Amino acid sequence: MGNTSPLPEVRVCAHAAALARQVAQLWAALASQCVAQQGRFSVALAGGNTPKAAYALLATHPYHETLPWQQTHVFWGDERYVPADHPRSNYRMAYETLLAHVDIPASNVHRILTEREPEEAATAYEQTLRTFFALPEGTWPRFDLLLLGMGADGHTASLFPGNAALHERRRLVVAPWVEQVQAFRITLTPPVLCHARHVVFVVSGREKAHTLHQVLRGPYQPERYPAQLIRPVQGTLLWLVDKAAATLLA
Ligand code: 6PG
């Protein structure tokens, strides 16, 4: 995750609905391209609230009928350590907004198994990735699309400021205790996030404007702003932000 990657593209959308449309259009274009080229499309979902509108849009016309759901494989960038049917589950959010409404095979939905102990859930998810991507030792999975959100504290996925998970460079998945939320999280590690082919941050709301400015225009201090860690290795990076979040960006 060195400083060699190009400056990220920042696209400012008028409002959250326009942001959702951008995500759906990017997803659709990539899904079609990847299925045509490699027969499948792998996407790692962001959790939280911001992506909900995009997921819901993908469950409607024309995406519902036209996207290659049979060849689409869904993963998560991170998960809260709660049961899959818990109101705070990222899996449940994606299932209710999108997965329950499209023709995606259950075997293509690679949920993080939070019914296991945290460390076991991480190990099982890591094995899922190694199997799906048929990874030789020492190589990283490369999601075709990685959607990420950003918290007002600069965290992304479940990589929180000051957390040891920020320094993980060997494992694909870890299960850190997160002081800021007083709970375990299961998260992809920085190398995995940085090896995605196309990384798209989706950020909305005035409450994130200061942090977004710091992340994009401030000094490189990923301990404080983990979102700065995400510098794709041979991948693209796009920030889709609404006007409110972009308030402080020139
Ligand atoms: C999670 C997410 C997390 C999220 C940010 C932003 O599990 O909460 O993966 O990284 O993307 O916290 O969340 P909002 O979109 O709700 O602001």
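Both ligands and their constituent atoms are indexed starting at 1 by order of listing. All values derive from a computational prediction rather than experimental measurement. Residue numbers count from 1 along this sequence.
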Handout entry: Which residue and heavy atom of the protein sit nearest atom 11 (O) of ligand 1, plus the separation
Key = Gly149 CA, 3.3 Å
Exercise for the section: Could I get the full list of side chain to side chain contact (heavy atoms under 4.5 Å, CB included) partners for Gln234, not counting sequence neighbours? Expected result: Arg142
Exercise for the section: Could you see which bit of Asn90 sits under 4.0 Å from ligand 1, with heavy atoms only: side chain, backbone, both or neither? Expected result: side chain
Completion exercise
shortest atom 12 (O) of ligand 1-to-protein heavy-atom contact is with His155 NE2, 2.7 Å
Handout entry: Protein heavy atom at shortest distance from atom 15 (O) of ligand 1
Key = Thr50 OG1, 2.6 Å
Problem - Sub-4.0 Å heavy-atom approach of Glu79 to ligand 1 - result: no
Problem - Identity and separation of the nearest protein heavy atom to atom 17 (O) of ligand 1 - result: Lys208 NZ, 2.4 Å
Practice task
Determine yes or no for a side-chain-to-main-chain donor-acceptor pair under 3.5 angstrom, with Glu207 supplying the side chain and Ala209 the backbone.
Solution key: no
Practice task
Check whether any heavy atom of Gly77 sits under 4.0 Å from an atom of ligand 1.
Solution key: no
Would you tabulate the side-chain donor-acceptor contacts of residues 8-32 under 3.5 Å, counting partners in other chains and residues two or more places apart, or write 'none'?
{"from": "Glu9", "atom 1": "OE2", "to": "Arg11", "atom 2": "NE", "distance (Å)": "3.2"}
{"from": "Glu9", "atom 1": "OE2", "to": "Arg11", "atom 2": "NH2", "distance (Å)": "3.2"}
{"from": "Arg11", "atom 1": "NH1", "to": "Gln22", "atom 2": "OE1", "distance (Å)": "2.7"}
{"from": "His15", "atom 1": "ND1", "to": "Ala17", "atom 2": "N", "distance (Å)": "3.4"}
{"from": "His15", "atom 1": "ND1", "to": "Ala18", "atom 2": "N", "distance (Å)": "3.2"}
{"from": "Ser32", "atom 1": "OG", "to": "Ala28", "atom 2": "O", "distance (Å)": "2.9"}

Exercise for the section: Quick one: look up the protein heavy atom nearest atom 8 (O) of ligand 1 and list residue, atom name and how far away it is. Expected result: Arg80 NH2, 2.7 Å
Completion exercise
Among non-hydrogen protein atoms, atom 16 (O) of ligand 1 lies closest to Asn49 N, 2.7 Å
Problem - Side chain Asn108, main chain Ser42, donor-acceptor under 3.5 Å - result: no
Practice task
Output yes when a side-chain donor or acceptor of Glu119 lies under 3.5 Å from a complementary backbone atom of Ala175, and no otherwise.
Solution key: no
Handout entry: Pair Arg197 + Asp144: basic N to acidic O under 4.0 Å
Key = yes
Handout entry: His110 versus His73, side-chain donor and acceptor atoms under 3.5 Å
Key = yes
Handout entry: For Gly47, the ligand 1 atoms whose distance to one of its heavy atoms is below 4.0 Å
Key = 2 (C), 9 (O), 11 (O)
Completion exercise
When distances are taken from atom 9 (O) of ligand 1, the protein heavy atom at minimum range is Asp78 OD1, 2.6 Å
Problem - Side-chain donor-acceptor pair present, Gln127, Thr123, cut-off under 3.5 Å - result: no
Practice task
Look at atom 10 (O) of ligand 1 and say which protein heavy atom is nearest, naming residue and atom and giving the distance to 0.1 Å.
Solution key: Ala157 O, 2.7 Å
